[in-house]
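Report on the structure given below.
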Amino acid sequence: MGVTILHQFPVENRTGPAVIELLTKRIAALGAVQHGQFLVDCETYSSVPQLGHQRTVHVLHNSEQPATVFSLLETGTKTIPLATDGLFDLLMMKMSSFYTSKKQTKAESKGPRFEIGDFCVKLGTVTVSSNFKGILVEVEYRPCIVPQMCWELMKEFLQGFLGSSVLSNPPVYFQNKMNDVYTPIDTIHQYLEHFTIFRKSPAGIRT
Amino acid sequence: MGAPGTAMDSLSAALKCNIIPNQEYLLQGSVLDQYVEVLLHRLRGLCDNVDSGPESFQDHELCFTLRAANPSPTSIALPLRVRRALDVADAPWQLRYVGQQELGDKSRPTVVRSSIDMACTSTIVEFLTELGCRVDFEYTARGYMFRKGRMKITVSKIFKVGGMPNKPEGLEPISQSYLVELSVLAPSGQDAIAEDMRIFAEQLRPLVQLEKIDYKRLGN
């Protein structure tokens with residue numbers, strides 16, 4: 001587990017599969033080899049009015065950590081992360097009279113997973129409630145766990161195959177976290193931030 | 001290589017195949033402080049971990065309930081328990097849901113209750129509090145754990161948390177006896193294990209009488 005950066009790749013006027021094909025060609029030309037597929041999904045639950053002020057629980061799964069369920073509880077003033085075993089999903093079903101899911105908001109990012117030297121690259125097609133929303137590229141630099149120490153290297157790698165869509169500054173999520181130790185929950189936070197924006201955007205128009 | 005299925009798909013499949021250990025078979029009893037050594041000695045002889053001896057533990061348990069802000073008689077409450085080891089610093093915390101217990105009729109040897117048990121991060125207390133759960137009570141348990149096949153036997157002393165400040169360690173025992181529990185976590189329908197438990201409990205008599213405890217009768 002190393003530092004992971006999630007980058008939204010502009011779709012412009014192309015279709016999702018066309019963008020994935022383009023990026024697959026580029027990354028393969030660099031020598032990357034495909035190692036299976038990946039999937040990150042997110043289900044959002046809201047508290048019922050009887051429970052007092054509104055709270056939201058986001059439950060996420062990442063195929064990279066298949067035995068873990070990640071939850072982020074938003075209270076309005078703060079966000080509390082929680083990692084548990086897989087049975088947490090069963091517990092959420094028990095809570096169905098207190099927290100209900102909005103089915104139309106089920107978000108996921110899935111696609112091919114590549115390995116290239118110390119990097120792991122995932123090309124994700126994002127759908128919200130089965131509607132195509134955009135492309136998220138996940139790049140992980142596995143030997144390092146402190147963002148500050150590998151950002152420049154990662155930026156160079158990202159720009160190498162994603163071009164000028166990669167900004168020269170670290171993503172907003174990394175502000176004040178550049179010297180912290182990176183953990184899997186940070187990847188989950190980044191996915192949730194992107195999913196939240198995708199959910200608000202009209203179908204397929206986030207470019 | 002196939003695409004990974006969603007976590008919910010694999011959970012549904014696991015539920016369908018009935019491989020999730022979500023039922024707890026339970027017998028409980030107690031033994032007075034002065035006789036606990038005799039019971040431990042007996043368990044050392046009967047249980048699997050003969051060579052290594054029993055595993056000691058010291059756990060802190062918080063019992064939460066999730067219920068509506070203005071509970072009506074019909075509203076349901078969800079009990080949740082959080083346990084952490086005080087003697088193993090880096091062990092994960094445990095989150096547990098324990099359902100209503102079924103006593104069943106006389107032919108059923110043990111109490112059966114549904115249980116969802118999982119390891120979690122230490123953020124769980126803040127998570128549950130902000131989720132809307134309230135702490136009902138808490139305690140610490142200190143004792144020994146034995147194993148016999150799939151069965152787990154714990155002999156533990158229960159202490160009030162915070163207790164009396166002028167006491168050494170600040171721990172006040174709630175009684176002059178030890179709690180003895182015999183339990184198995186298994187997928188539903190494996191009732192044969194209950195019979196094994198009855199036979200094992202038989203072997204501990206008359207030192208300790210392990211029984212199906214009816215909390216409803218104890219409560220009032």
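Every chain is numbered from 1, with letters handed out A, B, ... down the list of sequences.
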Is it true that atom NZ of B/K212 has more than 12 heavy atoms of other residues, nucleotides or ligands lying nearer than 6.0 Å? yes
What part of A/V48 is in contact with chain B, defined as an atom under 4.5 angstrom from a non-hydrogen atom: side chain, backbone, both or neither? neither
Is a side-chain donor or acceptor of B/T121 paired with a backbone partner of A/A83 at a separation under 3.5 angstrom? yes
Does any heavy atom of chain B fall under 4.5 Å from the side chain of A/T75, the backbone, both, or neither of them? side chain
Just so I understand: if I count every heavy-atom pair under 4.5 Å between each of A/L82, A/T84, A/L87 and chain B, which residue has the most? A/L82
Atom pair OG/CG of A/S96 and B/L78 - distance to nearest 0.5 Å: 9.5 Å
If you count the non-hydrogen atoms of other residues, nucleotides and ligands that lie under 6.0 Å from CD in B/E202, is the total more than 12? yes
Region of A/D41 in contact with chain B, defined by heavy-atom distances below 4.5 Å: side chain
For B/Y144, I'd like to know if atom OH has over 12 heavy atoms of other residues, nucleotides or ligands within 6.0 Å. no
Are A/M95 and B/L131 packed together at the side-chain level, in the sense that at least one heavy-atom pair is separated by less than 4.5 angstrom? yes
Leading residue by heavy atom contact count with chain A [cutoff under 4.5 Å; candidates B/T123, B/N22, B/D117, B/I20]: B/T123
Mind checking the CD1-CG spacing from A/I80 to B/L128? Nearest 0.5 Å is all I need. 9.5 Å
Bottom line for A/M93: the part with an atom under 4.5 Å from chain B's heavy atoms is side chain
Around atom CZ of B/R147, are there more than 12 heavy atoms from other residues, nucleotides or ligands closer than 6.0 Å? no
Can you say whether B/L95 sits under 4.5 Å from chain A via the side chain, the backbone, both, or neither, judging by heavy atoms? side chain
Does any heavy atom of chain B fall under 4.5 Å from the side chain of A/E108, the backbone, both, or neither of them? side chain
Tell me, side chain or backbone of A/K78 under 4.5 Å from chain B's heavy atoms, or both, or neither? side chain
Using heavy-atom distances under 4.5 Å, tell me whether B/L11 contacts chain A through its side chain, its backbone, both, or neither. side chain
So which residue, A/H61, A/H53, A/R55, ends up with the most heavy-atom pairs under 4.5 Å with chain B? A/R55
If you count every heavy atom of other residues, nucleotides or ligands that lies below 6.0 Å from B/K157 atom NZ, does the total exceed 12? yes
If you apply the rule side chain to side chain contact (heavy atoms under 4.5 Å, CB included), what do you find for B/M118 with A/L91, and how did you get there? CA-CA 10 Å; B/M118 72 200 88; A/L91 196 60; 3.8 Å; yes
With chain B, which of A/L39, A/L51, A/I185, A/L73 has the greatest number of heavy-atom pairs at distances under 4.5 Å? A/L73
Could you tell me which non-hydrogen atom of B/A68 sits nearest to which non-hydrogen atom of A/F98, and how far apart they are? N-CE2, 3.8 Å
Within a reach of under 6.0 Å around CG of B/D9, are more than 12 heavy atoms found that belong to other residues, nucleotides or ligands? yes
Taking atom CE as the centre, does A/M149 end up with more than 12 heavy-atom neighbours from other residues, nucleotides or ligands that are less than 6.0 angstrom away? no
Report yes or no: does B/Y97 contribute a side-chain atom to a donor-acceptor pair with the main-chain N or O of A/L90 at less than 3.5 Å? no
Non-hydrogen atoms of chain B under 4.5 Å away: do they reach the side chain of A/Y99, the backbone, both or neither? side chain
With chain A, which of B/G5, B/A119, B/A7 has the greatest number of heavy-atom pairs at distances under 4.5 Å? B/A119
